[in-house]
Engineer: 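Following this message is one structure expressed as structure tokens.
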Amino acid sequence: MVIDPVARRTDGESVRIAKDVLCAGAAAKICLPDGPEEYARALARRGHRRPVVIGDDRALLRAVALLHKERDLAGVALAVVPVGAPGAVALSRALGVPTDTVAAARTVLDGTEQSLHLLTDDSDGIVVGGLDIPSGTEEDGRPRRRKRSGGARLPGPRGGSGGAGGTAHEAAEAVAPGAEPVPPEEGPGADARPDASAAWWRAPLRKARAALALLTARTRPAAGDPAATPGHRLRVEADGVVLADLDRPVRWVSVTPGDGADGSGLAEIVVHWQAAEPPVRARARAVTVSGADFRYRADVVVGGPVRTRTWTVQPDAWRLTLPHD
């Protein structure tokens with residue numbers, strides 16, 4: 001039983017419950033690694049014991065990667081008890097592992113081993129759940145991947161609530177077209193403020209914030225507007241068949257290793273176009289993506305930038321303990 005240090009810090013109660021259930025149902029050796037080296041050492045010294053990971057998706061992927069590096073992934077049946085925020089255990093849930101601590105621990109004791117596919121790339125990286133190209137860290141117009149930026153801080157002191165310093169996002173939210181907020185120095189009792197004489201910069205700052213908000217509102221594309229998704233020039237090949245080429249921008253490409261239910265051992269590739277057109281779907285054993293420097297998201301890890309990368313399906317490459325149903 002390898003308990004991830006992040007899980008111990010963030011949700012010690014769930015870790016305690018998982019330990020109690022597992023130790024009550026089977027003999028267990030508990031390992032409490034404090035870092036990647038100790039984590040790797042704990043897995044390497046497992047002997048004939050079945051490794052059970054208590055932690056989030058990153059902890060599970062770390063175990064899969066280490067066993068893959070040892071070239072012993074197919075010979076070991078992994079089990080996991082997800083512990084973490086819902087977003088941190090989304091991959092485990094997608095794989096079929098219960099996210100309830102008690103149910104997951106009972107699955108470790110009473111579940112069945114199932115063989116699953118994964119993808120390997122030409123740098124010996126692995127993908128368990130899915131692959132997105134580009135990674136979503138770029139400004140590609142995909143709301144499900146884009147992160148809110150902190151914005152550029154405008155001039156002015158960084159004081160508390162009385163300070164006028166703020167971010168461009170705050171300015172955009174605070175000022176609406178046709179309406180201008182009244183700053184404290186222009187309201188009732190402004191002259192009684194001790195710093196009123198030193199607030200010479202606030203009026204021009206207010207005007208600058210209003211102008212920035214209006215400019216942002218006018219230049220930001222509307223939702224669904226093709227201009228909101230500039231597209232990426234990528235060449236996508238599935239088993240040598242060209243699905244997309246550099247002359248036609250794509251919005252993004254997704255690749256999943258498949259669940260192995262049909263026994264085909266093929267990956268599922270979906271090319272989403274920039275325009276509102278039906279995506280192109282294909283199944284293949286290998287997919288190659290090339291183009292200008294691009295990043296990709298493999299499960300929860302962002303890789304790149306690279307100019308070309310090939311992912312190949314490895315059928316039934318690893319085993320995971322899942323519920324009977």
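Here the structure is a predicted model, which means the values were calculated and not measured. Any value given below was found using the heavy atoms of this structure, including those in side chains, with hydrogens, waters and symmetry copies removed.
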Engineer: Ignoring hydrogens, what is the shortest heavy-atom contact between A244 and V271? Give both atom names and the distance.
Structural biologist: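 Taking every non-hydrogen atom into account, CB-CG1, 4.1 Å.
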
Engineer: Rounded to the nearest 0.5 Å, what separation is found between the CZ atom of R297 and the CG atom of L131?
Structural biologist: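 Going from CZ on R297 over to CG on L131, the span is 11.0 Å.
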
Engineer: Check for me whether R248 meets the cation-pi criterion with W273, that is, NZ or CZ under 6.0 Å from the six-membered ring centre and within 45 degrees of the ring axis.
Structural biologist: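 Relative to the ring axis of W273, which defines the angle, R248 lies inside both limits.
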
Engineer: May I have the step-by-step check of side-chain contact (heavy atoms from CB on, under 4.5 Å) for L91 and L61, ending in yes or no?
Structural biologist: CA-CA 10 Å; L91 174 61; L61 292 172; 3.7 Å; yes

Engineer: So T288 and T310, side chain to side chain donor-acceptor pair (under 3.5 Å) or not? Walk me through it.
Structural biologist: CA-CA 4 Å; T288 299; T310 297; 2.8 Å; yes

Engineer: Who passes salt bridge (Lys or Arg N to Asp or Glu O under 4.0 Å) against D110, sequence neighbours left out?
Structural biologist: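 Checked D110 against salt bridge (Lys or Arg N to Asp or Glu O under 4.0 Å); zero matches.
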
Engineer: How far apart are the closest heavy atoms of P33 and V2, and which atoms are they?
Structural biologist: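 For P33 versus V2, the nearest heavy atoms are CG-CG1, 3.8 Å.
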
Engineer: Tell me whether the rings of W311 and Y296 are parallel (<30°), tilted (30 to 60°) or perpendicular (>60°).
Structural biologist: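 Taking Y296 first and then W311, their aromatic rings stand perpendicular (interplane angle over 60°).
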
Engineer: Determine whether L109 and V52 fall in the same hydrophobic cluster, where Ile, Leu, Val, Met, Phe, Trp and Tyr are linked whenever their side-chain heavy atoms lie under 4.5 Å apart.
Structural biologist: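 L109 clusters together with V52.
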
Engineer: Can you check whether R309 reaches S123 side chain to side chain, under 4.5 Å on heavy atoms?
Structural biologist: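 A side-chain contact under 4.5 Å exists here.
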
Engineer: Working to the nearest 0.5 Å, report the span between CG of L95 and CG of L320.
Structural biologist: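 If we round to the nearest 0.5 Å, L95:CG and L320:CG are 6.0 Å apart.
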
Engineer: Give a yes or no on whether a salt bridge exists between R8 and D4, defined as a side-chain N under 4.0 angstrom from a carboxylate O.
Structural biologist: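 Result for this pair is no, no salt bridge flagged.
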
Engineer: Under 6.0 Å from the CZ atom of R71, do we count more than 12 heavy atoms belonging to anything else shown?
Structural biologist: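 Enclosed: over 12 neighbouring heavy atoms sit under 6.0 Å from CZ of R71.
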
Engineer: Quick check: do I30 and L32 have side-chain heavy atoms less than 4.5 Å from each other?
Structural biologist: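 In short, these two side chains touch, coming nearer than 4.5 Å.
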
Engineer: Tell me, with the steps shown, if C23 and M1 meet side-chain contact (heavy atoms from CB on, under 4.5 Å).
Structural biologist: CA-CA 10 Å; C23 292; M1 187 188 311; 4.2 Å; yes

Engineer: So, taking the atom named CZ in R283 and the one named CD in E268, what distance separates them when rounded to the nearest 0.5 Å?
Structural biologist: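 Going from CZ on R283 over to CD on E268, the span is 5.0 Å.
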
Engineer: Please confirm whether the backbone N or O of L78 pairs with a side-chain atom of T321, one donor and one acceptor, at under 3.5 Å?
Structural biologist: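 Checked: pair present.
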
Engineer: If we count only N and O atoms by modelled type, under 3.5 Å, do the side chains of S92 and D57 hold a donor and an acceptor together?
Structural biologist: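 Yes.
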
Engineer: Inspect the surroundings of CZ in R281 and state if more than 12 heavy atoms from other residues, nucleotides or ligands are less than 6.0 Å away.
Structural biologist: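 Atom CZ in R281 is not packed in, count stays at 12 or less.
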
Engineer: Is any NZ, NE, NH1 or NH2 atom of the basic residue among R50 and E113 found under 4.0 Å from an Asp or Glu carboxylate oxygen of the other?
Structural biologist: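 So R50 does not pair with E113 through a salt bridge.
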
Engineer: Does V270 share a hydrophobic cluster with V313, counting links as ILVMFWY side-chain heavy atoms below 4.5 Å and allowing steps through other members?
Structural biologist: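 Looking at the clustering, V313 is in a separate group from V270.
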
Engineer: Return yes if some donor-acceptor pair links the side-chain N/O of D56 with the main-chain N/O of P82 below 3.5 Å, else return no.
Structural biologist: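 No; judged by distance alone, with no hydrogens or angles, the pair does not exist.
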
Engineer: Stepwise, does the side-chain contact (heavy atoms from CB on, under 4.5 Å) test hold for W318 with V128?
Structural biologist: CA-CA 9 Å; W318 67 299; V128 169; 3.2 Å; yes

Engineer: On a heavy-atom basis, which atom in A286 and which in T312 lie closest, and how many Å separate them?
Structural biologist: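 Scanning both residues, the minimum pair turns out to be CB-OG1, 4.0 Å.
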
Engineer: Any salt bridge between D245 and R235, counting N to O under 4.0 Å?
Structural biologist: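 Looking at D245 and R235, the cut-off is met.
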
Engineer: Find the distance between CD1 (I269) and CG (L243) and round it off to the nearest 0.5 Å.
Structural biologist: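 CG of L243 is found 6.5 Å from CD1 of I269.
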
Engineer: Do other residues, nucleotides or ligands put more than 12 heavy atoms under 6.0 Å from R46 CZ?
Structural biologist: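 Counting neighbours around CZ of R46, more than 12 heavy atoms of other residues, nucleotides or ligands fall under 6.0 Å, so yes.
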
Engineer: With side chain to side chain contact (heavy atoms under 4.5 Å, CB included) as the test, pick out the partner of V97 among V81, L60, V80, T107.
Structural biologist: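 Between V97 and the candidates, side chain to side chain contact (heavy atoms under 4.5 Å, CB included) is satisfied uniquely by V80.
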
Engineer: Looking at side-chain heavy atoms only, is the closest gap between V89 and V83 below 4.5 Å?
Structural biologist: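 Of all side-chain heavy-atom pairs linking V83 with V89, none is under 4.5 Å.
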
Engineer: I want to check something: taking the side chain as every heavy atom from C-beta on, are Q274 and P249 in contact at a cut-off of under 4.5 Å?
Structural biologist: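 Yes, close enough: below the 4.5 Å cut-off.
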
Engineer: Does the side chain of Q314 come within less than 4.5 Å of H117's, by heavy atoms?
Structural biologist: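 They are not in contact (no side-chain heavy atoms under 4.5 Å apart), so the answer is no.
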
Engineer: What are the two closest heavy atoms between A298 and V127, and how far apart are they?
Structural biologist: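 Closest approach of A298 to V127: CB-CG2, 3.7 Å.
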
Engineer: I need the minimum non-hydrogen distance between H68 and T120, along with the two atoms involved.
Structural biologist: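 Shortest heavy-atom contact: CE1-CG2, 4.0 Å.
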
Engineer: Please confirm whether the backbone N or O of S254 pairs with a side-chain atom of D132, one donor and one acceptor, at under 3.5 Å?
Structural biologist: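 It does not hold such a pair.
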
Engineer: Could you tell me whether E277 atom CD has more than 12 heavy atoms of other residues or ligands within 6.0 Å of it?
Structural biologist: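 Yes, because the 6.0 Å sphere around CD of E277 holds more than 12 heavy atoms from other groups.
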
Engineer: Give a yes or no answer on whether the side chain of D299 reaches the backbone of V301 with a donor-acceptor pair at less than 3.5 Å.
Structural biologist: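 No: the side chain of D299 does not pair with the backbone of V301.
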
Engineer: Can you name the closest pair of heavy atoms from V53 and A63 and give their distance?
Structural biologist: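 Looking at all heavy atoms of both residues, the shortest contact is CG2-CB, 3.8 Å.
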
Engineer: So is R307 actually on top of F294's ring, under 6.0 Å and inside 45° of the axis?
Structural biologist: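 No, R307 does not sit over the ring of F294.
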
Engineer: Quick one: pull up CD1 in I3 and CD1 in I54 and give me the separation to the nearest 0.5 Å.
Structural biologist: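 The CD1 atom of I54 is 4.5 Å from CD1 of I3, to the nearest 0.5 Å.
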
Engineer: Tell me, with the steps shown, if Y39 and R62 meet side-chain contact (heavy atoms from CB on, under 4.5 Å).
Structural biologist: CA-CA 9 Å; Y39 196 100; R62 189 179 301 118; 3.7 Å; yes

Engineer: Mind checking the CG-CG spacing from L116 to L322? Nearest 0.5 Å is all I need.
Structural biologist: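 Rounded to the nearest 0.5 Å, the CG-CG separation comes to 6.5 Å.
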
